[in-house]
2 protein chains.
Amino acid sequence: MPVRIEDVAAHAGVSTKTVSRVLNGHPSVRAKLRTRIEASIRALNYVPNPSARGLAGNRSYLVALLYDNPMSSSSYIMELIVGVLQACKETPYNAVLHPFEASDDLVSRIDGFVAQHRPDALVLVPPHANNTRLLQRLEELDLRYATISSKSRQSRIDIGFDERRAAADIVEHLISLGHRRIGHVASLKGHGAHAWRLNGYRDALRRAGIAYDESLVVPGDFTFASGVAGAKALLDRRDPPTAIFAANDDTACGVMREAYERGLAVPGDLSVCGFDDTPVSLQISPGLTTVHQPCREMARLAVECVLRSIRDPAMRQHTHVPYQVRLRASTAAPGKR
Amino acid sequence: MPVRIEDVAAHAGVSTKTVSRVLNGHPSVRAKLRTRIEASIRALNYVPNPSARGLAGNRSYLVALLYDNPMSSSSYIMELIVGVLQACKETPYNAVLHPFEASDDLVSRIDGFVAQHRPDALVLVPPHANNTRLLQRLEELDLRYATISSKSRQSRIDIGFDERRAAADIVEHLISLGHRRIGHVASLKGHGAHAWRLNGYRDALRRAGIAYDESLVVPGDFTFASGVAGAKALLDRRDPPTAIFAANDDTACGVMREAYERGLAVPGDLSVCGFDDTPVSLQISPGLTTVHQPCREMARLAVECVLRSIRDPAMRQHTHVPYQVRLRASTAAPGKR
DNA sequence: ATGAAAGCGCTAACAA
DNA sequence: TTGTTAGCGCTTTCAT
């Protein structure tokens, strides 16, 4: 159990500091010596003590994932977690999760959290990723952070995907099936998603020469309930849409529920598509056409970048990762039964 | 930033050791002194440095959640995570997540993980919670652990719920609606759930005086695909069941998919119920009748108990937490349309 | 019930 | 490029 750095140093015939340098990837160790020390490390099965490293180096080896609402978006968070864990694997870093509800005293609560756990790096997702006061405060604390899908340009490191183009793609798919009257249950205001997905919807209409009808866009907040309500509003019209593009899968499920309650067949009477490709899009019947949001990749990249930025604080990186439209059975030509 | 224990000691006019005792809840500090020191701690906004505590006390302040498969059961894991985080809140402990795929060298991989991260406590969920070799190894390493829903009696601390009775309850619900021929798509073998849920199903039949027909039980593995396959097998019979009890919600969704493909109405032509009360049970249409598995409570209790067991290593605790049957629209009287 | 001194295992300055 | 010497901030002996 207690193999310490000095045991390795003795075994390799060097000083502890040199072993430390190898451990920390310091460049000024000759290749030959480095190899010998690495051999000793393996031979003794040495693993450095994180507390000791942390204390001496004033680091915690913790990267924190800060998110908002575990309830309504648990599969989104879960996918991010998988990505974060992938990135931490093979590093001395551990991931810790910190749900914080948005509130006025958010900044001071984050202060408390930082004081207590002293994470070396943070990853923020919306809506915190859009909270400029919070980002400001993290800068003041000189903490490295990365955001995911932030709409703020303030963040030095942000990983997202082209949500606008993705939304346009999926609406274009509906148009290509023959739909002309397409409803949209919008995203939660404040999220970048709100504008991105709405603009993508409008882009697709414009390119197809379909006039934008504001009344076909109803408010939503990413919840199932807002899908039900949005579908009610849209389907109660005298000229109901033949297809509905919901801002996310949960909302799309709400739309499908309302169609079900009205005895409307999906996709026969109404095509529905979502966004995110959460597990429910495969579990529901018919399978839901949606956009695969590359959560894992985004989270993995975010962690990789933010860990790199610990060494290089000036680093900036704004990256889009690829997405995919997943065509399933919930969309078809209008009027087809 | 750098408020240290000696600052607190100076402020309160005591030695650092006494402050340390207060921090660690040591009983041998007089109430008056304790109060004074606590006031100093608050006044200075002191938060102990986890790395320093960890190094000096040979602890990591980490509790690890060990699980198996993030894919097929992400909402189950997510709920556990919420419970684990709740329990860690207001403690100096941080939760870390460690997915490990089951394999022959699982034990040695856990050894590596323990060597690297030195968690003070572990929480195991099935199937790891049933891995006696693994539990054995943790005992050897003198590591505190708690299991969730373990079928092994080896675990000193286990939190579960009465799955057998819950299964019986939900099947009794089907019987009370008038169903007599009820199919069951079984759980993954190896999980405690397999026997518990199957036995509960049999209990309910027996109590209702319905003969157990082995051929109405088809194998499953908690996946959507096994629900589809199981439903195919059951619905292809000359005397198909009027209701199907699926081992979990994902499987139930597969059953509903197969019903959908055959043009069978749920619940008109077929009642379906699941188990777990994952988010999909609300998102799907009709809403899925299921058993609410109290994941959060189980995880919270497991962490609370295992942290307590650090101080009291002999501690044993085997607890069942309450569950609830959630009646939704996927079950109705047979033949009703 | 409280205090003094000695580390825990590592890294950061500084030296060589 | 490598080694020496001090700590990092806390808890633990062992005193008292």
Side-chain angles (χ1 to χ4, degrees), chain A residues 1-38 40-41 44-62 91-94 115-118 120 310-311, chain B residues 1-38 40-41 44-62 91-94 115-118 120 310-311:
Chain A
M1 191 74 175
V3 178
R4 288 153 320 164
I5 196 170
E6 68 180 61
D7 301 324
V8 176
H11 186 273
V14 296
S15 75
T16 61
K17 181 54 198 165
T18 306
V19 178
S20 171
R21 279 194 261 263
V22 170
L23 252 29
N24 293 285
H26 196 96
S28 74
V29 179
R30 268 184 319 197
K32 190 147 188 190
L33 197 50
R34 151 167 276 119
T35 312
R36 194 168 89 217
I37 293 171
E38 282 166 347
S40 295
I41 289 173
L44 299 178
N45 220 325
Y46 169 70
V47 186
N49 179 318
S51 296
R53 293 184 95 175
L55 179 58
N58 193 30
R59 272 166 294 163
S60 63
Y61 293 98
L62 255 32
T91 80
Y93 281 85
N94 252 318
Q116 183 171 162
H117 296 289
R118 302 167 202 225
D120 295 334
I310 292 175
R311 308 212 152 188
Chain B
M1 191 71 178
V3 178
R4 287 151 322 164
I5 196 170
E6 69 180 60
D7 301 323
V8 176
H11 186 274
V14 296
S15 75
T16 61
K17 178 55 200 164
T18 306
V19 178
S20 170
R21 280 194 261 260
V22 170
L23 252 28
N24 294 285
H26 197 97
S28 72
V29 180
R30 268 183 318 195
K32 191 147 188 189
L33 197 50
R34 149 168 277 117
T35 313
R36 195 168 87 218
I37 293 171
E38 281 164 350
S40 296
I41 288 173
L44 299 178
N45 219 327
Y46 169 70
V47 185
N49 179 318
S51 295
R53 292 184 95 173
L55 179 58
N58 194 28
R59 271 166 295 163
S60 62
Y61 294 98
L62 254 31
T91 79
Y93 282 85
N94 251 317
Q116 183 170 161
H117 295 290
R118 302 167 203 226
D120 296 334
I310 292 175
R311 307 212 153 188

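Below, read A as the first sequence line, B as the second, and so on, with proteins coming before strands; counting in each chain starts at 1.
- For B:Arg59 and D:dT11, the CZ to P distance is 7 Å, given to the nearest whole Å.
- C:dG9 atom P lies 8 Å from atom CD of A:Glu6, rounded to whole Å.
- At most 12 heavy atoms of other shown residues, nucleotides or ligands fall within 6.0 angstrom of atom CG in B:Asn58.
- Checking side-chain atoms of B:Asn94 against main-chain N and O of B:Leu62 turns up no donor-acceptor pair under 3.5 Å.
- Here the closest heavy-atom approach between residue B:Asn24 and residue B:Arg311 is recorded as O-NH2, 3.1 Å.
- For the pair A:Arg4 CZ and C:dG9 P, the computed distance is 6 Å after rounding to whole Å.
- Using a 4.0 Å heavy-atom distance criterion, B:Asn58 is classed as making no nucleic acid contact.
- Within the structure, every side-chain polar atom (N or O) of B:Ser20 is placed at least 4.0 Å from both OP1 and OP2 of D:dC10.
- Note on B:Tyr61: every side-chain N or O is 4.0 Å or more away from OP1 and OP2 of D:dC10.
- Of the candidate nucleotides D:dC10, C:dC10, C:dA12, D:dC10 has the atom lying nearest to any side-chain atom of B:Ala56.
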Report all interatomic pairs (protein N or O, nucleotide N or O of nucleotides 1-4 of chain D) with separations under 3.5 Å.
unit_1: D:dT2; atom_1: OP1; unit_2: A:Arg30; atom_2: NE; d: 3.2
unit_1: D:dT2; atom_1: OP1; unit_2: A:Arg30; atom_2: NH2; d: 2.9
unit_1: D:dT2; atom_1: OP2; unit_2: A:Arg30; atom_2: N; d: 2.9
unit_1: D:dG3; atom_1: OP2; unit_2: A:Ser15; atom_2: N; d: 2.9
unit_1: D:dG3; atom_1: OP2; unit_2: A:Ser15; atom_2: OG; d: 3.0
unit_1: D:dG3; atom_1: OP2; unit_2: A:Thr18; atom_2: OG1; d: 2.6
unit_1: D:dG3; atom_1: N7; unit_2: A:Arg21; atom_2: NH2; d: 2.9

Exercise answer: donor-acceptor pairs, residues 11-19 of chain A side-chain atoms, under 3.5 Å, sequence neighbours excluded:
unit_1: A:His11; atom_1: ND1; unit_2: A:Ser40; atom_2: OG; d: 2.8
unit_1: A:Ser15; atom_1: OG; unit_2: A:Lys17; atom_2: N; d: 3.4
unit_1: A:Ser15; atom_1: OG; unit_2: A:Thr18; atom_2: N; d: 3.4
unit_1: A:Ser15; atom_1: OG; unit_2: A:Thr18; atom_2: OG1; d: 3.2

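- B:Leu44 has its CG atom 15 Å from the C1' atom of D:dG9, to the nearest Å.
- Counting to the nearest Å, the P atom of D:dG9 and the CG atom of A:Leu55 are 7 Å from each other.
- Evaluated for a side chain to side chain contact (heavy atoms under 4.5 Å, CB included) with A:Pro50, the options B:Gln116, B:His117, B:Arg118 yield exactly one hit, B:Arg118.
- A:Tyr46 meets the ring pair (Phe, Tyr, Trp, His ring centres under 6.0 Å) test with no other residue; sequence neighbours excluded.
- Checking C:dG9, D:dC10, C:dC10 against every side-chain atom of A:Arg53, the shortest atom distance belongs to C:dC10.
- Atom-to-atom, CG of A:Leu23 to C1' of C:dG9 comes out at 11 Å; the value is rounded to the nearest Å.
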